[in-house]
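A, B, ... follow the sequence lines: proteins, then strands. Residue 1 opens every chain.
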Amino acid sequence: MCLGIPGQIVAITDAGRLMAMADVSGVRREVNVACVAEGPLEDLLGRWALIHVGFAMSLIDEEEAAKTLAALHDLGEAQEALAQMAEGDAALEGRA
Amino acid sequence: MCLGIPGQIVAITDAGRLMAMADVSGVRREVNVACVAEGPLEDLLGRWALIHVGFAMSLIDEEEAAKTLAALHDLGEAQEALAQMAEGDAALEGRA
Amino acid sequence: MKFASEFRDPKAAKALLAEIAQLADRIGATREKPVAIMEICGGHTHSIFRYGLDKLVHEGVEFVHGPGCPVCVLPRARVDECIEIAEKSGVIFTTFGDAMRVPGSKRSLLQAKAAGADIRMVYSPLDALELARRNPEREVVFFGLGFETTTPSTALAIQQAAREGLANFSVFCNHITVPEPIKALLDDPDMRLDGFIGPGHVSMVIGVHPYDFIARDYHKPIVVAGFEPTDLLQSVMMVLRQIAEGRAEVENQYARVVPEHGNAVSLAAIADVYEKRPSFEWRGLGEIDASGLRIRPAYRAFDAEEKFGVGYAGVRTELADPEGCACGAVMTGRMKPVQCPQFGRGCTPEMPLGALMVSSEGACAAYWQYGGARAAAE
Amino acid sequence: MKFASEFRDPKAAKALLAEIAQLADRIGATREKPVAIMEICGGHTHSIFRYGLDKLVHEGVEFVHGPGCPVCVLPRARVDECIEIAEKSGVIFTTFGDAMRVPGSKRSLLQAKAAGADIRMVYSPLDALELARRNPEREVVFFGLGFETTTPSTALAIQQAAREGLANFSVFCNHITVPEPIKALLDDPDMRLDGFIGPGHVSMVIGVHPYDFIARDYHKPIVVAGFEPTDLLQSVMMVLRQIAEGRAEVENQYARVVPEHGNAVSLAAIADVYEKRPSFEWRGLGEIDASGLRIRPAYRAFDAEEKFGVGYAGVRTELADPEGCACGAVMTGRMKPVQCPQFGRGCTPEMPLGALMVSSEGACAAYWQYGGARAAAE
Amino acid sequence: MALRDERVTLAHGGGGTAMRDLIEEVFTAVFEPPGMEDAAQLSAAALAEPGARLAFTTDGFVVTPLEFPGGDIGKLAVCGTVNDLAVSGARPLWLSAAFVIEEGTEIALLRRIVATMAREAEAAGVRIVTGDTKVVGRGACDRVFVTTAGVGVVPPGREMGAGRVRPGDVGLVNGVLGDHGATILAARGDLALSTALESDCAALGHLMEAVLAAAPGARAARDLTRGGLASALNEIAGAAGCGIEISEEALPLRPEVSGMCEILGLDPLYLANEGRLVVFVPEAEAGAALAAMRLRPEGQGACIIGAAVAAHPGQVRMRTAFGGARIVDMLVGEQLPRIC
Amino acid sequence: MALRDERVTLAHGGGGTAMRDLIEEVFTAVFEPPGMEDAAQLSAAALAEPGARLAFTTDGFVVTPLEFPGGDIGKLAVCGTVNDLAVSGARPLWLSAAFVIEEGTEIALLRRIVATMAREAEAAGVRIVTGDTKVVGRGACDRVFVTTAGVGVVPPGREMGAGRVRPGDVGLVNGVLGDHGATILAARGDLALSTALESDCAALGHLMEAVLAAAPGARAARDLTRGGLASALNEIAGAAGCGIEISEEALPLRPEVSGMCEILGLDPLYLANEGRLVVFVPEAEAGAALAAMRLRPEGQGACIIGAAVAAHPGQVRMRTAFGGARIVDMLVGEQLPRIC
Ligand code: SF4
Ligand code: SF4
Ligand SMILES: [Mg+2]
Ligand SMILES: [Mg+2]
Ligand SMILES: [Mg+2]
Ligand SMILES: [Mg+2]
Ligand SMILES: [Mg+2]
Ligand SMILES: [Mg+2]
Ligand SMILES: [Mg+2]
Ligand SMILES: [Mg+2]
Ligand SMILES: [Mg+2]
Ligand SMILES: [Mg+2]
């Protein structure tokens, strides 16, 4: 439930009504940024936010995203190493 | 100005609102008969009226209509007699 | 008897035409010096062309087409006011089809409809009333247009609306009267008319006596006529006979429909709902005293002029007739349509400059449609 | 970084699937005795089928599709009420596209629209607000539908309408909350679930702590997850790891979007505009205590229930689910869609009997569309 | 049967199974087009004849009300296009039918329209071989519009065209005028007029073949649709560069049509017909053409209405019953009901 | 020029001179149909060839807005019908064009639409030979609907049809998917989305000829209109009685189209295209077909998307980029924007 997608804030369109332009792969839509406007609105420019029904609901934490990806990467490496070891074992077994 | 055509009253459709059905060569339309409703509405049945913009504006006086036609007829007869006389004259002249 | 086809008998017509010819000869009417008879009513103009009567009568009889077409005499400013009302939010503007193509200063009602106004053609003011009943959330305005023939119908509709307390119905009253412009014509020193054919359906309402002044004060014959071809020929004959006999009277050819004193119910309704305006503007003729009707204060709730503050109740725009337009001269019989510099050039039925080219009652349209002009041009 | 495609990396998926397989083996999960993990959220169900994750994971991992699709749990009577409002004269009824095809007792909104109601799809409650501004003479009603993810948007729209004094805007509030039905599920003695995938976008608003009770009171692992395929696989892995390690905690896989304590502005807007209903009806699940929100009296002017006297403010109709419909059992994970006697027979996407067959979030529709059923039937 | 909706929804236009079901159950099940490809493929021996030409025409149909005494929009859509082929001298073979349908339209109504079309096509000897449906939102069209296109073959040697009419040629119509126009005016209801009239709507392909067999020298024909007899005659006079003279007394009119015209101030010469044509034939063939027409049910009321003349080229004149004459011009726009 | 109105009024549909002026000045002056008879008469040498078949198709066009980035309703109306002929293996020859016009429509808009149609027809090598206009009252249609029908000729020996596809045949599309559908969604304005996308609308007759020259064994083609690629593939799988397997990674999509689909929860497989087709050719001819497509501007983005298989007959499956597989079914109705 609750389709949300990441979009980048590219312009403030109506500061008074907390409206900004979000860009999703080249598709633009004006969104309300009330939920993510803590500091000056200009700080939002360039930031990625999770967009849902025309509202920017949450700023995306790039550090956390990187951490998740790193964990996936590490897991991949580990699995690969394991796989290579397994292959090595199999080869050894085969040779045996 | 003021296109009016003769139609025959064939039914009373709403006595309270003085509405009746008029028939013009098989085309029917409800008309208001306020202008021609002197006696009981039933007296209008079968009568011809001059219809204009959905109102029966005047009852047609059949006697007067007959008189006009009779006058036309008489004129026709007279003209014909005259023409015959003229032809007779011409014939006579031709013979002369 | 159907009271219509009987009056189209070619044999009777032949006799009438012969009689007319004899009378015309007797009074010395020739093509060069014709007897000029004005048929006041556009309906008569229509019949004359439809049956080709102008070509059939003796060449010494000239029909002069009078101002008796309510659409033709409608000033452009009034069409603009119709559009102004029609374009107000919530309004359903209802009108007879006749008015749809009449040019205003910029657009006709047909064009305003195309541009978005809710404009509907109705056959009867009763149909407009019914629309008002069925659309209580809308304001239904009826364009009250016409001479005395039509006036009773809108008066009765307003009385009915008042009885029902129909708050969303009103009439934009542009009703006009016949006798006043005839008087204006007769007072014009340039005018040379020998007699009149009187509008039969107007007299069905008002009777024949309102024309007494024509015979009494101006010594011109007038015959109130029906609309079938033998009605018209008979009336021409009666006018010629008066001239031949040196009489000037009001005669009634259309007695089967026209009571001498008109229709009492209609007259009472008109008197109850309407009063004379001091003056009213006619296209081509200018302001004519006491020639228009307005809704009495007692029925103000049904007066679209008051409701919307337009027309004589608003700021009135004076709009000159379009340049080169000879409508006034044509309507007063001083010019034939084909003599108008615009006829067939700037002014055609496709793109009318003047209203006379719009309404099929208009003399210019009739000339055009029934070939008077082009046949003549050959 | 686009925060989407990066999380669809097949290489990472491969690693995750391997890890999941190892963990599943480690805890002894088999096809016959699987680990049952409920993805609460319909969005997760959608992703699972779209990427074929159910086929890719170890056969000992079973996805149980939860009740987290607001459209699927909408009682037929509420759809009827939507139609009742939409058919009122002057109303423009606005809704997300999702609700259009959901069957009411007689018709869907799509069918009501075809029959004449002015029903419009919008992308955002802001678009409904804008419609209200542009149509001051109409009453614009927005169908407020959704879990905590969507609730802030309607709360903010109502606050904005209040600021502008927009008298012709109201919300038909059917917002519901996630924790309560989960608790109801866990309290069901028939239930056997080993862990949960938590709805990431709900937690983006409410944070992760509202799920503490699941770990604390019911000793089940829950991982709040994102919607990309590696998000889901990673979350499955994290659930399995908790199980393998004997833990039951609330973990946050979706930390890039989900702050631990949610979004303060959203929570404040919800608290300002809404209050808990004593109880709310769910399709297939019946009444659940404190599982729905209503508009506070301070914002009554924007409450369509009050304005139109429908829903909990009107006479409520109790409508049993259609006969033979197993939606409740499917939503609580007691039955697979294919086990419903109606699946593919009385109930197809063309002619849905239950809402689970309508929404592409619905488990039955997902089974159908992504071939789970028909592929299995081969 | 998968189609249980009572009304068309936007889903029926969306390209999915709802649309497929609508098309299959309501349209193709009745029309039985050859195959379900994007275009019908038709083998036409008739077109292979040397000198044969292909005739191609289209018309959109937008009538209100959709169903009226004597027909419905489907009957118009088949007959109208068959007639445009027939009057051009072609033998009608195949029709296409494209529907634009307003959301909310009753499916039962569609079924009735389609049934009429199938029936009329069969009677006219044509096949509806390809089609299309579009669904538009409520208020975006007036329930149902139908556009048909038609393909026919003009046999070798057959040459017809308005430009071929010569002075002396005789003009015939196949029956009373204006029934369709008057019927529709009454059926709309907004003028509150009622009559027992029925539309004259009819396919005239067989009648044209009969006329052409009897009068192989026939010059030109026109079906008398929008603008009525007057417009068709003006078109012919203009294209032929000769005059046309008709006689008011010869015009066949029902009393109800005359009555309606009197009430509304209309001219029956401009009323629309949907099963009437005018054909010009050499004087020597007029009798045979008339007799051939009268043998067919849709030509029972046939009569001679006038002739082409050398005088007043491009102009149509009418001798009135009264002895006068008037020009019968093109209308400007629609005829509007009038009161004065 | 007699036509001075800025907007269409009901008079322009009334059968009189206003209508004649509209038709002559706006339509026939640009289209130049042969003659002004009720039906166009066309001599078709191509149809006289033994074994040649006539192809006949129609489509109604009802797009909102009428003008959009990359085209207008006129372009759609020409290309759509040309494409339906082309994908059936026919050489498009002639089009008819029937317009339903709402009272109040700007005449300048009509002129633009007609100009587009003339330009597109010329480029596609077809002639618009017959037409019709109807005017309806305000609110009775959505400004302008255009229905075109098309006639073409299928050369002797050329046999195409969805039923001819065999396992092993390769499926190709001629470019990125969904541009048209996404463009229209954005252009409507009600979702307040903006993009730099343009409709893919294009006539594909020349491209099909090039494909057929390069791959004479081509089995079947479909233009990917309503319902998109998914519907076309399902139709083919159903008619051929074999399965179809496509690869998600092979599907050409612009980022903006993906973005729009993410925002609205739509599936690009179901988005409409107006200048895209899928063609199935024997495996041996796939390379030649691909190369031929890529030589044409409307085929620059051509690629192989999958193949027909013996497995799961009637069903379309997609291997996801992720390694999974899913069934690609027909949609039920329209795709609706969704939030959950
Ligand atoms: S031709 Fe036109 S401008 Fe001249 S008098 Fe007649 S209506 Fe007026
Ligand atoms: S198949 Fe239909 S009735 Fe059965 S559970 Fe699914 S949605 Fe409900
Ligand atoms: Mg045609
Ligand atoms: Mg036609
Ligand atoms: Mg025709
Ligand atoms: Mg189609
Ligand atoms: Mg409608
Ligand atoms: Mg087609
Ligand atoms: Mg097509
Ligand atoms: Mg196609
Ligand atoms: Mg036509
Ligand atoms: Mg519209």
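- Of the two parts of E:Ala97, only the backbone, made up of N, CA, C and O, holds a non-hydrogen atom closer than 4.5 Å to a non-hydrogen atom of chain F.
- No donor-acceptor pair closer than 3.5 Å links the side chain of F:Glu334 to the backbone N or O of E:Gly15.
- With a 4.5 angstrom heavy-atom cutoff, F:Leu95 touches chain E only via backbone atoms.
- Interatomic distance, CG of F:Asp142 versus CD of E:Glu102, reported as 11.0 Å (0.5 Å rounding).
- Between the OG1 atom of E:Thr147 and the CZ atom of F:Phe145 there is a distance of 10.0 Å, given to the nearest 0.5 Å.
- In this structure, CZ in F:Phe99 is found 10.5 Å from OG1 in E:Thr58, a value given to the nearest 0.5 Å.
- Heavy atoms of E:Asp223 lying under 4.5 Å from chain F belong to its backbone as well as its side chain.
- Ranked by heavy-atom pairs under 4.5 Å with chain E, the first of F:Met19, F:Glu37, F:His12 is F:Glu37.
- Proximity to chain F involves both the backbone and the side chain of E:Arg222, based on heavy atoms less than 4.5 angstrom apart.
- In terms of modelled atom types and a separation under 3.5 Å, the side chain of F:Gln41 and the main chain of E:Ala90 share no donor-acceptor contact.
- Ranking E:Gly16, E:Ala98, E:Gly161, E:Ala45 against chain F, the residue ahead of the rest is E:Gly16, based on heavy-atom pairs under 4.5 Å.
- Contacts between F:Ser231 and chain E at a heavy-atom distance below 4.5 Å involve the side chain alone, from C-beta outward.
- Of all residues in residues 148-160 of chain E, those placing a non-hydrogen atom less than 4.5 angstrom from a non-hydrogen atom of chain F are E:Ala149, E:Gly150, E:Val151, E:Val154.
- Rounding to the nearest 0.5 angstrom, the gap separating the CG atom in E:Asp59 from the NZ atom in F:Lys134 is 4.5 Å.
- Summarising the geometry, atom CG belonging to E:Asn83 is positioned 9.0 Å from atom CG belonging to F:Asp38; distances are rounded to the nearest 0.5 Å.
- In this structure, the portion of F:Val100 lying under 4.5 Å from any heavy atom of chain E is its side chain and not its backbone.
- To the nearest 0.5 Å, atom CG of residue E:Asp132 and atom CZ of residue F:Arg226 are 5.5 Å apart.
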